[in-house]
Structures are given as C-alpha cells and as structure tokens.
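Sequential numbering from 1 along the given sequence is applied to the chain's residues.
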Amino acid sequence: MKILILGLGVIGTTYAYLFQKAGAETEHFIRESKRTECPETISVRLLDGRKNPRGQELRDSYTVHMAQRESTYDLILVSVPGGRLKEAIDTLNENRLNGPILVFSGMWEDRRYVDTVMAGRKYLLGYPVAGGQIEWQKAELNSVLFGHVMLEREEKAAIDGYAGLISLFDQAEIKTECPFDMLEWIWLHMAINAGVIANAAAIGDIRDSATAAGKLMDNPSALNRTIRTIRECTKVAAARGADLRNYADELAFYKFPAGLGGMLMKHMFRTNQLTRRIMELHANRDDLLYVCRSVYHSGRELGVSMPLFEKDYADLEKKLVQTKDL
C-alpha cells in the first residue's frame with residue numbers, strides 16, 4: 001500500500017513509522033519552504049502499548065521519503081491541529097495529491113462543514129490513540145502508542161477499500177474500534193479533554209503543560225474537581241446533538257461519585273504509564289487552547305450550565321492576557 005502523510009507531525013509520523021515497518025510505502029508531503037529543514041532519518045523513541053498494556057520502551061529509526069506533486073495514493077493520512085482541516089485539504093488540492101483521506105484529527109465542526117471542505121473527495125474520520133513530541137532540529141520522535149485506534153464504521157465511511165484500511169492496521173498490530181458515530185465521539189472526547197486541560201491550567205501553567213499535567217495527575221482533590229468539570233463539558237457535546245446514551249462505555253468512569261473517581265484517576269495515572277506519559281508529552285499549547293475555547297463558546301451559545309468550566313476557562317484567558325501570550 002502506498003500512503004501519503006501530510007506533513008511531518010507527531011501523529012502522522014508515529015503511524016507512518018508503524019506502516020513502514022508493516023511493509024507499506026510511506027511518503028510525506030512537505031512544503032517547499034521547509035524541505036531543506038526536513039530530516040532524512042528520524043530517531044524514534046516509542047512507549048509501545050500494542051503488546052503490553054503497561055507499554056514497552058522501543059528505540060528505532062524511521063526513514064523519511066518525500067512526496068512529489070501530482071501523485072496518487074492508496075491512502076492519505078491527514079492529522080492537523082484543530083481548526084486547520086480546510087488548510088490541509090487546500091494543500092492537497094493545490095498540489096494535486098489524490099487518494100482517499102483518513103482524517104486523524106480532533107475537530108469541533110459539524111458534518112456539513114467537513115463535507116463542504118472535502119468538496120467531493122472520499123474520506124473517513126478516525127482518531128489516533130497516540131501522541132507525543134517531534135523535534136525536527138534534533139530529528140527525534142518521542143511518542144506514546146496505545147494498541148488501538150478509533151475509526152468510522154464502514155457503512156458511514158465515504159471511501160472505497162475499507163477492508164484494506166482495516167488490514168493495514170492489522171498488519172501494524174493495531175486494533176480498530178468503531179463508535180456509534182465517529183464525529184460525535186470526537187466531540188465527546190474533546191469535551192472530556194477540555195475538562196482535563198482547564199483543571200490542569202488552574203493548578204499549573206499552561207505554558208509548561210508537562211508540569212501542569214503532572215500536578216493534576218498527583219492531586220486527588222483536583223482530579224475530583226476534574227470529574228465534575230468533565231460532566232459539565234460532556235453536556236455541551238449533548239447540546240450539540242450527541243446522544244450520550246450511545247457512549248455509555250466511554251462515560252462510565254465519570255458516573256462514579258467524584259471523590260471516588262478522583263482517587264481512581266490518581267491510581268490510573270500512577271500505574272498506567274501510557275496514559276501518564278501522553279499527558280506529560282502533549283505540549284501543543286495552541287491545540288490545547290483550541291479544545292477549551294471550542295467547548296466554552298459552544299456551551300455559552302447553547303446555554304449549557306458549566307460553572308466550574310467557565311471559571312477555569314476565564315482564569316486561563318486572564319493568565320494568558322497577563323503574560324501577553326493570548
């Protein structure tokens with residue numbers, strides 16, 4: 001299988017490494033202005049959860065192959081920060097890069113918006129269960145990988161060759177899970193993340209997200225409050241049209257009494273190194289802010305009661321103004 005990865009970001013490169021190891025041909029499309037900066041080989045440090053739920057430390061290297069304009073692929077992987085989907089699709093169209101698209105990104109937009117941006121291109125939505133950091137200058141990828149990904153159901157996926165995509169992940173030893181509705185699941189996941197991010201920012205400094213995340217994960221009282229904030233944020237996803245009854249498994253943890261849930265979360269973060277490290281490595285501040293702002297503004301527009309989240313969000317914006325980082 002011939003696969004194009006748009007850019008050389010942490011998510012795209014992590015999965016490209018896995019696909020290349022599984023025998024696929026991977027290429028990255030890098031803008032002309034950045035091609036000279038792009039490393040030919042990347043050192044890979046991966047906490048790999050495919051075979052061991054505790055994660056196994058893996059060290060390897062990944063060879064970067066450059067894509068050329070006017071090329072056709074069996075699959076195009078697009079993983080971009082929130083709010084930048086149109087820019088990504090415009091880049092593919094301008095450079096005549098063709099093939100079915102797997103969108104592996106968080107997004108707060110609705111299906112009508114996505115269809116409009118795609119303008120007839122075949123695509124399906126998914127969500128990576130991985131994350132970390134990539135440094136071009138050092139040519140290093142430091143990532144965390146869980147043993148599954150989320151994919152749109154076949155009957156809702158507007159692409160040909162769905163079985164081939166499942167086979168690709170199978171060959172890379174990654175299980176696929178299909179929620180009731182992929183876009184609603186993404187909204188719900190973003191809502192949960194917004195609650196976590198806001199509470200981490202409340203007890204730490206979002207400019208140092210690793211330290212803030214560490215303080216949150218080790219504080220049962222803050223985690224207690226996080227659970228209550230998450231409950232508020234998931235109501236925003238429901239107000240946008242997501243039927244939460246279809247995601248009972250995803251929400252089960254947050255149904256516990258907040259005090260008990262806080263203790264369980266602290267235990268999880270202490271014993272589950274995959275979850276802990278991915279929290280510490282996620283340092284894209286713009287992406288973190290996009291998540292919080294999307295949930296906040298939708299909640300306000302829809303009249304959702306979210307006093308805890310509103311307070312934390314207001315405090316976060318105030319801190320950014322004070323430090324001139326807004």
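- Put simply, the side chain of Thr13 does not reach to within 4.5 Å of the side chain of Ile5, judged on heavy atoms.
- Asn219 contributes no side-chain N or O that, together with a main-chain N or O of Lys215, makes up a donor-acceptor pair within less than 3.5 Å.
- The shortest side-chain heavy-atom distance between Glu27 and Tyr73 falls under the 4.5 Å cut-off.
- Between Trp185 and Phe180, the distance separating the two ring centers is not shorter than 6.0 angstrom.
- Glu32 and Arg69 are not joined by a salt bridge, as no carboxylate oxygen comes within less than 4.0 angstrom of a charged side-chain nitrogen.
- A distance of 10.0 Å separates CD in Gln133 from NZ in Lys138, rounded to the nearest 0.5 Å.
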- prompt: Given Arg54 and Asn272, is the side chain to side chain contact (heavy atoms under 4.5 Å, CB included) satisfied, shown in steps?
  reply: CA-CA 6 Å; Arg54 293 179 177 273; Asn272 189 322; over 6 Å; no
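- A ring-centre distance under 6.0 Å is found for Tyr62 and His28.
- Using a distance-only test at 3.5 Å, with no hydrogens or angles considered, a donor-acceptor pair links the side chain of Ser143 to the main chain of Gly131.
- In this structure, Arg293 is not positioned above the aromatic face of Trp108 in the sense of NZ or CZ being under 6.0 Å from the six-membered ring centre and within 45° of the axis.
- Met217 and Leu223 get closest at one heavy-atom pair: O-CD1, 3.7 Å.
- Annotation: side chain of Leu264 is in contact with side chain of Phe256 (closest heavy-atom distance under 4.5 Å).
- Looking at every heavy atom in both residues, Leu274 comes nearest to Gly55 through CD2-CA, 4.1 Å.
- Checked against salt bridge (Lys or Arg N to Asp or Glu O under 4.0 Å), Arg112 has no partners two or more places apart in sequence or in another chain.
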query: Stepwise, does the side chain to side chain contact (heavy atoms under 4.5 Å, CB included) test hold for Ile42 with Leu8?
result: CA-CA 10 Å; Ile42 292 177; Leu8 194 70; 3.8 Å; yes
task: Apply side chain to side chain contact (heavy atoms under 4.5 Å, CB included) to Met107 and Leu125, showing your working.
output: CA-CA 10 Å; Met107 63 178 67; Leu125 301 179; 4.0 Å; yes
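- Atom CD1 of Ile197 is separated from atom CG of Leu216 by 11.0 Å, given to the nearest 0.5 angstrom.
- A salt bridge does not link Lys319 with Asp315: every distance from a Lys NZ or Arg NE/NH1/NH2 to an Asp or Glu carboxylate oxygen is 4.0 Å or more.
- At most 12 non-hydrogen atoms from other residues, nucleotides or ligands lie less than 6.0 angstrom from CD of Glu40.
- Checking side-chain atoms of Glu232 against main-chain N and O of Phe309 turns up a donor-acceptor pair under 3.5 Å.
- Arg240 places no side-chain N or O within 3.5 Å of a backbone atom of Gly299 that could act as its donor or acceptor partner.
- A donor-acceptor contact closer than 3.5 angstrom links the side chains of His267 and Arg270.
- For Arg225, the salt bridge (Lys or Arg N to Asp or Glu O under 4.0 Å) criterion is met by Asp312, not counting sequence neighbours.
- Panel note: side chain Glu152, backbone Ala157; no donor-acceptor pair is recorded below 3.5 Å.
- Under a hydrophobic-cluster definition in which Ile, Leu, Val, Met, Phe, Trp and Tyr are linked whenever side-chain heavy atoms come within less than 4.5 Å, directly or via other members, Ile278 and Tyr17 are assigned to different clusters.
- When all heavy atoms are compared, the tightest approach of Val64 to Cys38 is CG1-SG, 4.1 Å.
- Between atom CE of residue Met182 and atom CD of residue Glu177 there is a gap of 10.0 Å, rounded to the nearest 0.5 Å.
- Contact of the Leu188 side chain with the Leu251 side chain is registered, since non-hydrogen atoms from C-beta on lie closer than 4.5 Å.
- Under the 4.0 Å criterion applied to side-chain N and carboxylate O atoms, Arg45 and Glu140 are not assigned as salt-bridge partners.
- Between atom OH of residue Tyr127 and atom CG of residue Leu151 there is a gap of 13.5 Å, rounded to the nearest 0.5 Å.
- The stretch residues 218-239 participates, sequence neighbours left out, in no ring pair (Phe, Tyr, Trp, His ring centres under 6.0 Å) pair at all.
- Asn95 contributes no side-chain N or O that, together with a main-chain N or O of Leu97, makes up a donor-acceptor pair within less than 3.5 Å.
- Among residue pairs with one or both ends in residues 75-93, those qualifying as side-chain hydrogen bond (donor to acceptor under 3.5 Å, both in side chains) are Arg31-Glu87, Arg84-Glu87, Lys86-Asp90, Asn93-Arg121; sequence neighbours excluded.
- With hydrogens and angles ignored, the 3.5 Å screen pairs a side-chain donor or acceptor of Thr234 with a backbone N or O of Arg231.
- Using a 4.5 Å cut-off on side-chain heavy atoms (C-beta onward), Val149 and Phe104 make contact.
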message: For Asp115 and Arg111: C-alpha separation, side-chain torsions, deciding distance, then whether salt bridge (Lys or Arg N to Asp or Glu O under 4.0 Å) applies.
response: CA-CA 6 Å; Asp115 287 342; Arg111 180 70 70 167; 5.1 Å; no
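- In this structure, the side chain of Ser298 does not engage the main chain of Val295 through any donor-acceptor pair within 3.5 Å.
- We find the CZ-CZ distance between Phe146 and Arg50 to be 13.5 Å, quoted to the nearest 0.5 Å.
- The salt bridge (Lys or Arg N to Asp or Glu O under 4.0 Å) check on Asp218 picks up Arg276, with sequence neighbours excluded.
- Formation of a donor-acceptor pair under 3.5 Å by the Arg228 side chain with backbone atoms of Ala258 is not found in this model.
- Side-chain atoms of Ile101 and Val103, non-hydrogen and from C-beta on, do get closer than 4.5 Å to each other.
- Here the CD1-OG1 distance, from Ile192 to Thr226, works out to 12.5 Å after rounding to the nearest 0.5 Å.
- Taking the side chain as every heavy atom from C-beta outward, Thr72 and Lys2 never approach each other to under 4.5 Å.
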- request: Carefully, step by step, assess Leu85 and Glu109 under the rule side chain to side chain contact (heavy atoms under 4.5 Å, CB included).
  value: CA-CA 10 Å; Leu85 180 62; Glu109 296 85 359; 5.9 Å; no
query: Can you check side chain to side chain donor-acceptor pair (under 3.5 Å) on Tyr296 and Glu310, steps first, answer last?
result: CA-CA 7 Å; Tyr296 172 80; Glu310 284 193 14; 5.3 Å; no
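- Taking the salt bridge (Lys or Arg N to Asp or Glu O under 4.0 Å) definition, one finds that Asp160 meets it with Lys122, sequence neighbours left out.
- Within the 4.5 Å cutoff, the side chain of Thr63 has heavy atoms near those of the Gln20 side chain.
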